[in-house]
Structures are given as structure tokens and as C-alpha cells.
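Here the structure comes first, spelled out in C-alpha cells, and everything after it is commentary.
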Amino acid sequence: MRQVSGVFRDVTERAGITFRHSNGAQGQYLFIETTPGGCAFFDSDNDGWLDILFVNGQPLNMAERSNLQTFKPTPVVLYRNNRNGTFTDVTRGSGLDVDLNYAQGVAVGDFDNDGREDLYVTAYGGNRLFRNLGGGRFEDVTARAGVADNHDGVHWALSAAFGDYNNDGFLDLYVCHYCEWSPETDAHCVDRYGARIYCDPTIYRGDVGRLYRNNGNGTFTDVTAAAGLAKFRARGMGVVWLDYDQDGRQDIYVANDMDANLLYHNEGNGTFREAGLVAGVAYGASGKPLSGMGIAVGDYDNNGYEDLYVTNFSGQTNSLYRNDGGGLFTHVTENAGLSAPTWHYLGFGVAFLDYDRDGWRDLVVGNGHVNDKIEQASIGVTYAEPKGLYRNRGDGTFEDAVADKGDLRTPRVTRGLAIGDYDNDGRVDVLACNQNDRAELFRNESRDDHRWISLRLVGTRSNRSGYGTKVYVSAGRQRQFAECRSGMSYVAASDARVYFGLGKAQRVDVTLHWLSGQRETMQGLATNRFYLCTEGQGCQVDGRL
């Protein structure tokens with residue numbers, strides 16, 4: 001076996017993953033071909049081991065078909081974790097091998113609180129909600145649930161995420177809509193040499209994202225207008241739920257492409273107020289809209305508030321917004337050392353992760369341009385790009401972790417990126433979906449001797465997934481904070497277990513603030529353990545692992 005220099009090793013082939021993404025491009029440069037595809041780490045069969053899902057595209061033969069809704073798709077692909085470092089393709093007969101139109105991304109959450117993680121797949125022409133029946137089977141309940149998201153025609157949905165905005169114990173759903181586009185209105189764009197290229201997004205008018213309230217009976221209601229969100233039109237790409245001001249209510253942050261990013265503050269009465277401009281997370285350092293795509297959320301400076309990191313276009317740099325508390329952020333990209341390393345790259349999927357388990361959250365970014373002819377037009381910018389890995393120094397700054405990248409160095413056109421500990425060894429791994437290329441599974445082989453803790457949350461009064469729960473971990477003078485969520489990055493879903501690197505700590509105290517208002521503290525938990533934390537019952541070592 002070849003030796004990799006660095007922390008992350010590409011184990012895709014060894015793991016038995018053969019998925020290869022296709023965006024269906026046939027030389028027509030349809031604008032929609034630039035945005036797929038998604039991926040997810042999630043536990044489909046409730047055995048404590050992360051399974052993998054990829055979202056594929058399909059050929060868009062416009063000469064034979066005038067409407068995408070008539071296309072025969074390539075389905076999503078589901079891999080079951082064999083618990084030995086390998087995976088088995090179990091898509092066939094799972095209920096996921098159905099017509100998905102032109103699929104883009106995926107969100108994960110237990111919408112019906114039955115203890116099984118369900119799937120929401122976004123697609124041009126109508127999204128799909130799959131209820132997890134257990135035993136590797138899923139049921140399409142889209143029509144019954146009312147979340148086809150295809151109201152007055154065909155919408156281009158990208159990222160979606162589950163979160164409980166009204167604290168009723170059931171997961172609601174936010175769906176990003178990109179722009180008003182159809183095969184019939186696709187523009188013809190060329191470069192300075194007259195060659196066909198994908199168009200600039202500003203040619204197309206932005207669309208309105210959708211908020212669906214969970215009625216608690218297997219159905220949802222579109223409350224976009226009632227919640228005050230229908231007036232905000234933008235090219236939405238990434239979305240995350242977070243309580244940025246820690247008032248006990250879940251807010252929504254949306255990254256937009258060449259429109260101001262939107263921060264919807266939850267007013268607690270079923271409505272939201274746009275607060276992005278006031279909070280300082282609407283624009284880049286120049287005060288202008290950027291090409292927002294993916295979102296990472298994490299408390300990188302351990303001040304008790306989660307910060308935001310947004311990926312942007314090459315030549316813009318990505319954006320790091322430090323949460324200063326009081327509902328205000330400061331744009332600190334330059335001061336944090338993240339401007340120069342990201343200048344030439346076009347980022348999509350992204351996540352905070354503590355890959356070296358030292359108690360400080362690092363960053364991993366999936367890069368890849370949208371212009372396959374960019375190398376002819378720009379010096380130093382390429383179509384396929386290496387992934388970014390930035391190590392947190394613990395002093396508010398990051399360093400380009402070139403020596404630790406390992407196989408992350410390989411150039412790809414990455415879109416979806418997810419993180420999770422797929423082999424349950426206490427190290428966080430990385431999953432990537434690459435356009436018109438093979439997928440990648442990167443095993444974290446860090447040789448550090450640091451310790452860790454992983455918490456799986458199960459709500460009883462709160463939503464069963466535990467999404468929105470605030471988790472505080474302290475060991476001596478070190479204190480860390482994180483919210484439980486799965487939806488982040490771009491068109492992707494990550495391991496919902498809450499993970500902390502702990503340095504040398506042997507034991508830690510854990511405090512949980514559930515969305516129901518219940519608070520629990522567990523003292524002296526041993527580290528290097530997986531815990532199952534049930535609301536009202538504390539945390540016990542997860543006996544499955």
C-alpha cells in the first residue's frame with residue numbers, strides 16, 4: 001500500500017466506493033450543470049456506524065426533451081457501512097432508486113421523530129422527502145408531506161436543512177432556491193475567444209427560498225409568506241440553522257451568489273427579521289456582495305459563540321465572520337490569515353473540524369471552478385483545484401496546513417463535502433462529491449495522541465435528532481461550545497454527532513441546553529468515548545460501539 005505524506009489518506013477504492021458523479025453535460029453549457037452534486041454521512045440503519053449517500057446528475061439531452069421533468073434520472077447512491085472500513089452499495093431496492101428529476105443535494109433529519117434519519121433530496125423540477133422505514137428501506141412521502149417545493153412551476157433548489165424554529169419538538173425545513181432558470185431561457189455565453197462557457201449568475205434573477213413548518217403529523221405547511229420571508233429574493237446556495245445570538249431560538253443564515261447573504265433572526269412569534277446587514281454578515285470586507293456558496297459554522301476561537309465561514313469565488317477570498325456576541329460579527333478573514341491562501345480558489349463545500357484533536361477547530365474546503373476554460377483566461381486559476389486545509393493556531397489565526405493535506409492535494413472539481421467519523425476511531429474523516437469524477441473518502445490518519453469525545457443526542461421533549469441543542473464541554477480552564485446540526489456546507493449533510501477534540505484531557509464536564517429549555521450537566525465523563533445522550537436521562541457510553 002502506498003504511503004501518503006500528511007494526515008488525510010484517500011481510501012475510496014479500498015473502501016469499495018465506486019460512485020462516479022455526472023452532471024449530464026453534453027457540450028451545451030446549460031447553467032444548471034455547474035451546481036451538483038451533494039453527499040451525506042448519516043446512519044441509515046441506526047447501528048452507530050455512518051453510511052454514505054451521493055447525489056448524482058443525469059444527461060440533459062435537450063435535442064430530444066423539451067422539459068427536464070420528462071428525463072429518466074440516475075438515482076442517488078446509498079452505501080452501507082460494513083463496520084470494517086468497507087462499504088456496500090445497497091441502493092437497489094432501497095426505495096431511493098426512483099425518478100429524481102435533476103438532483104442537486106441532500107438534507108438529513110428525523111422529521112417524524114421515529115428514531116430513524118430521513119432524507120430530503122433537492123432537485124430541479126421538484127424535491128423528494130424519503131421516510132426511513134428501517135431495514136435499508138425508504139418510502140417517498142413527498143406528496144403526502146407537502147414538500148415537493150414546486151409551487152408555481154419549476155424551481156432550482158440547492159441546499160436544504162432541517163431545524164426546529166418554533167421549538168415544538170418537530171423539525172422544520174428550509175430550502176434554498178437559486179435563480180429563475182429553465183432550459184428554454186438558458187442564455188448563450190462565450191469567452192473572449194468566442195468559445196461557449198457557463199454564464200455569469202447575475203444574468204438570471206434570484207428566487208425566493210422556502211420555509212416549511214412541520215405540523216407534527218407527517219405533513220408540512222409552507223409558511224414562507226407568513227414568516228415574513230417571501231419578500232427576500234436572492235440566488236441562495238447554502239443554508240444553516242444556528243442560534244447566533246443565543247436567545248434560545250433557531251435562526252437561519254443563507255449564503256447567496258452575488259446577492260447579499262441573509263441572516264434571518266427568529267422573532268419567536270413565527271416570523272423572522274432580516275439582520276444580516278446589521279449583524280455584519282451580509283457582505284465581504286469591501287462592502288459588496290460576494291459569490292456565497294457553502295457555509296461552515298463553528299466556535300473557532302472558543303469564546304462561546306459560533307462563527308461563520310462562507311466560501312466564495314476565486315479572486316474574492318472566502319469570508320470568516322467572528323461572532324463577538326450580542327448579535328454582532330466582525331469580518332476577520334485577513335487578520336485570521338485566510339485571505340491569501342483562498343484567493344485563487346473557488347470554494348463550495350466547507351466544514352469546521354478539529355482534525356488534530358487539539359481543542360481548536362480547523363477548516364477544510366472543497367474547491368473547484370465552474371468555468372472549464374478558466375486556465376486560458378486567468379493566471380494561477382485552474383478548473384480542478386486541491387482542497388483547502390487550514391489549521392487553527394489557537395490564537396485567532398489559521399495556517400495553510402500544506403504538510404497535513406495528504407491526498408487532499410489532488411485537484412478535483414468538488415461540490416458537496418461532508419465530515420464524520422465513519423470508522424469510529426475518534427478521528428474526523430472527510431467525504432467529497434466531485435463533478436464528473438469519482439467520489440473521495442479521506443481517512444484521517446493523524447498520529448497525534450490527543451483525546452476526544454463524541455456525543456449522539458436524542459431528544460424526547462425536543463426534536464428527536466437533537467438539532468439546535470447547545471453543547472458545552474469543559475476540562476480545566478479549556479471550554480468549548482457547539483450546536484448539534486447535520487445541515488451545513490453546500491448541498492451536503494454531515495455526521496450529526498457532536499465531536500470535540502480535547503488535547504490531553506482525561507475527563508470532561510458536559511452541559512446540554514436542549515431546545516425544550518431543559519438543561520443537564522454530566523461531570524467527569526471519561527474521554528475517548530462515544531456517548532448516547534438522551535434528553536432527561538444524561539449521557540451513557542454508546543453500547544453499540
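Just so you know, these numbers come straight off a predicted model, no measurement behind them.
In this structure, Y305 has no ring pair (Phe, Tyr, Trp, His ring centres under 6.0 Å) partners at least two apart in sequence or on a different chain. T311 meets the side-chain hydrogen bond (donor to acceptor under 3.5 Å, both in side chains) test with no other residue; sequence neighbours excluded. For the side-chain contact (heavy atoms from CB on, under 4.5 Å) test, residues two or more places apart in sequence or in another chain that qualify with E399 are R391, R393. Qualifying side-chain hydrogen bond (donor to acceptor under 3.5 Å, both in side chains) partners for D495, counting only residues two or more places apart in sequence or in other chains: R497. Listed by chain and number, the residues in a side-chain hydrogen bond (donor to acceptor under 3.5 Å, both in side chains) with N266 amount to none (sequence neighbours excluded). Under the side-chain hydrogen bond (donor to acceptor under 3.5 Å, both in side chains) criterion, T414 pairs with K387, N434, not counting sequence neighbours. Residues passing the ring pair (Phe, Tyr, Trp, His ring centres under 6.0 Å) test with F220 are F111, sequence neighbours excluded. A search for ring pair (Phe, Tyr, Trp, His ring centres under 6.0 Å) contacts involving Y165 returns F272, not counting sequence neighbours. Not counting sequence neighbours, the partners of D437 by the salt bridge (Lys or Arg N to Asp or Glu O under 4.0 Å) test are R20, R412.
Every pair passing ring-ring contact (aromatic ring centres under 6.0 Å, His included) that includes a residue from residues 505-545 is listed here, sequence neighbours excluded: W452-F530, Y472-H513. For residues 454-471, the pairs satisfying salt bridge (charged side-chain N to carboxylate O under 4.0 Å, His left out) are D243-K470, with sequence neighbours left out. Annotation: salt bridge (charged side-chain N to carboxylate O under 4.0 Å, His left out) contacts involving residues 524-539, sequence neighbours excluded, are absent.
Side chain to side chain, T317 and T342 fail the donor-acceptor criterion of an N or O pair below 3.5 Å.
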